[in-house]
Amino acid sequence: MAIYAVTYTYAENSTEARDRHRPAHREYVGKLSEEGVNLVSGPFGPDDAPGALLLLRADSAAAALAYTEPDPFRTEGLVSDVSVREWIPVVGPLAKEF
């Protein structure tokens, strides 16, 4: 299995809706964590464009993308763009984990 960096770009004017759906989103991502799929995830900082990064373990980019499709943030239309790229950790404390 490989690791994929999945980037969400949040839809414009979706802050209130994200706040409302965040508990369900975190529950879903938490289940992916329990399954060993989600390695780490979280939003970008307040000075960056609204979005998030998820590092997912999957067999392919298509499979990584498929894991995000049931995410309440996606099903509620709160994510305007999703990108997926394979990520290969080489150096640093996290590289030892993978």
Side-chain angles (χ1 to χ4, degrees):
M1 281 203 183
I3 298 170
Y4 292 88
V6 177
T7 304
Y8 283 0
T9 300
Y10 294 144
E12 285 189 43
N13 302 314
S14 66
T15 302
E16 288 181 22
R18 288 194 321 270
D19 289 346
R20 192 168 51 255
H21 294 285
R22 185 167 288 110
H25 160 74
R26 288 190 175 167
E27 180 180 349
Y28 177 73
V29 175
K31 287 179 184 175
L32 291 180
S33 298
E34 291 171 6
E35 295 170 7
V37 172
N38 179 54
L39 302 174
V40 65
S41 59
F44 296 121
D47 295 333
D48 295 310
L53 173 67
L54 301 86
L55 293 182
L56 303 180
R57 189 184 311 269
D59 290 327
S60 66
L65 182 62
Y67 281 122
T68 72
E69 290 173 358
D71 182 344
F73 274 13
R74 295 218 40 216
T75 61
E76 294 295 327
L78 307 178
V79 176
S80 62
D81 186 60
V82 180
S83 67
V84 180
R85 296 168 61 174
E86 185 174 357
W87 181 65
I88 303 168
V90 176
V91 177
L94 289 179
K96 296 174 187 174
E97 300 293 322
F98 308 111

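Position 1 is the first residue of the sequence; numbering continues from there.
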Hydrophobic clustering (ILVMFWY, side-chain heavy atoms < 4.5 Å, transitive) - are [Y] and [X] grouped together?
X	Y	value
Trp87	Val84	no
Tyr67	Val82	yes
Leu54	Val37	yes
Val40	Val29	no
Leu55	Ile88	no

Rounded to the nearest 0.5 Å, what separation is found between the [atom1] atom of [X] and the [atom2] atom of [Y]?
X	Y	atom1	atom2	result
Asp71	Glu76	CG	CD	10.0 Å
Phe73	Arg18	CZ	CZ	6.5 Å
Arg20	Thr15	CZ	OG1	11.0 Å
Thr9	Asp81	OG1	CG	4.5 Å
Ser33	Arg26	OG	CZ	11.5 Å

Query - Ionic contact status for Lys31 with Glu27, cut-off 4.0 Å - result: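 Yes, this pair counts.
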
Which heavy atom in [X] sits nearest to a heavy atom in [Y], and how many Å separate them?
X	Y	answer
Ala58	Tyr4	O-CE1, 3.5 Å
Ala63	Asp59	CB-N, 4.3 Å
Tyr28	Pro72	CB-CD, 3.8 Å
Ala64	Leu56	O-CD1, 3.7 Å
Ser14	Ala11	OG-O, 2.6 Å
Leu78	Ala17	CD2-CB, 3.4 Å

**Report entry** Residues, nucleotides or ligands: over 12 heavy atoms within 6.0 Å of Glu12 CD
**Finding:**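 At most 12 heavy atoms, drawn from other residues, nucleotides or ligands, come within 6.0 Å of this atom.
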
**Report entry** Residue Arg22 excluded, over 12 heavy atoms near CZ under 6.0 Å
**Finding:**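 Check passes, neighbour count above 12.
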
Query raised in the report: Would you say Thr7's side chain and Ser83's backbone share a donor-acceptor pair under 3.5 angstrom?
Result: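 Here the side-chain-to-backbone pair does not exist.
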
Query - pair Val6-Leu65: side-chain heavy atoms closer than 4.5 Å - result: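 No. Closest side-chain heavy atoms not under 4.5 Å.
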
Report task. Check whether any side-chain heavy atom of Thr68 lies under 4.5 Å from a side-chain heavy atom of Tyr8, and answer yes or no. Result ->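 Thr68 reaches Tyr8 side chain to side chain.
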
